[in-house]
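In this chain, residues are counted from 1 in sequence order. Because the structure is a prediction, the values reported are computed rather than measured. Worth knowing before you read on, the calculation uses all heavy atoms, side chains too, and leaves out hydrogens, waters and symmetry mates.
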Amino acid sequence: EKQRWLSHLQTPLIETMDDDSNHCCVTFLFQHPADKKVSIYLYSPATGFLCSPGSMLINYPGTDLDYLTLLLSAHLRMSYSFLMLSREHHYEEQSRASQPMEYPMPSGELACSLWLFNQLMADNAVSIDPYNPHSIIYYKDWENPTEFWAKESILELPKAPAALVSV
């Protein structure tokens with residue numbers, strides 16, 4: 001019964017606010033991996049990217065579904081992913097000298113966030129939203145579509161400006 005219900009699910013769930021047409025309640029859902037002891041975090045500009053209590057999904061009691069509801073601008077379009085952080089494993093930052101150079105070079109919280117994202121990508125601990133049909137792929141090599149760096153899901157709220165598409 002649950003699998004049939006999940007097969008029709010499209011996320012995130014978007015609720016418009018009757019009294020405030022400039023905001024939406026957006027609920028992100030993630031089916032918690034049964035075989036892993038992990039905490040699930042929303043990795044997005046809306047949460048500041050870093051894994052914080054405000055970006056951690058909460059388990060819906062008695063289920064394997066985790067959720068996070070945010071009040072967001074109805075004009076928003078953003079990418080997002082889910083991070084699965086092991087409760088036992090602690091990621092320690094490597095020295096900047098051992099990391100490849102990127103330009104422009106990120107600094108501060110963004111550098112820490114990107115470092116963590118790269119570590120989790122290497123550990124297969126980053127997931128797109130499996131119930132969201134909209135995603136973006138970042139390729140390592142445009143001529144080899146099997147080699148991509150990352151995939152992210154796309155959230156587009158009702159009043160987001162028209163997307164620019166180049167042909």
**Request:** Identify the two heavy atoms, one from Leu157 and one from Ala74, that lie closest to each other, and give their separation to 0.1 Å.
**Result:** CB-O, 3.4 Å
**Exam field: side chain Arg77 to backbone Pro161, donor-acceptor pair closer than 3.5 Å** = yes
**Prompt:** Under 30°, 30 to 60°, or over 60°: which ring-plane class applies to Phe82 and Phe30, parallel, tilted or perpendicular?
**Reply:** tilted
**Prompt:** Do any N or O atoms from the side chain of Asn132 and from the backbone of His134 form a donor-acceptor pair under 3.5 angstrom?
**Reply:** yes
**Spatial distance of atom OG (Ser44) from atom CG (Leu83) [nearest 0.5 Å]** = 10.0 Å
**Thr16: side-chain contact (heavy atoms from CB on, under 4.5 Å) partners, not counting sequence neighbours** = Cys24, Pro158
**Item:** Non-hydrogen atoms of Lys151 and Ile137 that approach each other most closely
**Value:** CG-CG1, 3.9 Å
**Message:** Under a 3.5 Å threshold, yes or no: a donor from one side chain and an acceptor from the other, between Tyr43 and Glu152?
**Reply:** no
**Prompt:** Considering the options Asn59, Thr63, Asp66, which one meets the side-chain hydrogen bond (donor to acceptor under 3.5 Å, both in side chains) requirement together with His32?
**Reply:** Asp66
**Prompt:** Are Ser127 and Met84 side-chain neighbours, meaning at least one heavy-atom pair lies under 4.5 Å?
**Reply:** yes
**Request:** Look at the side chain of Lys159 and the backbone N and O of Ser73, then say whether any donor-acceptor pair between them is shorter than 3.5 Å.
**Result:** no
**Item:** Any donor-acceptor pair under 3.5 Å from Ser79 side chain to Ile154 backbone
**Value:** no
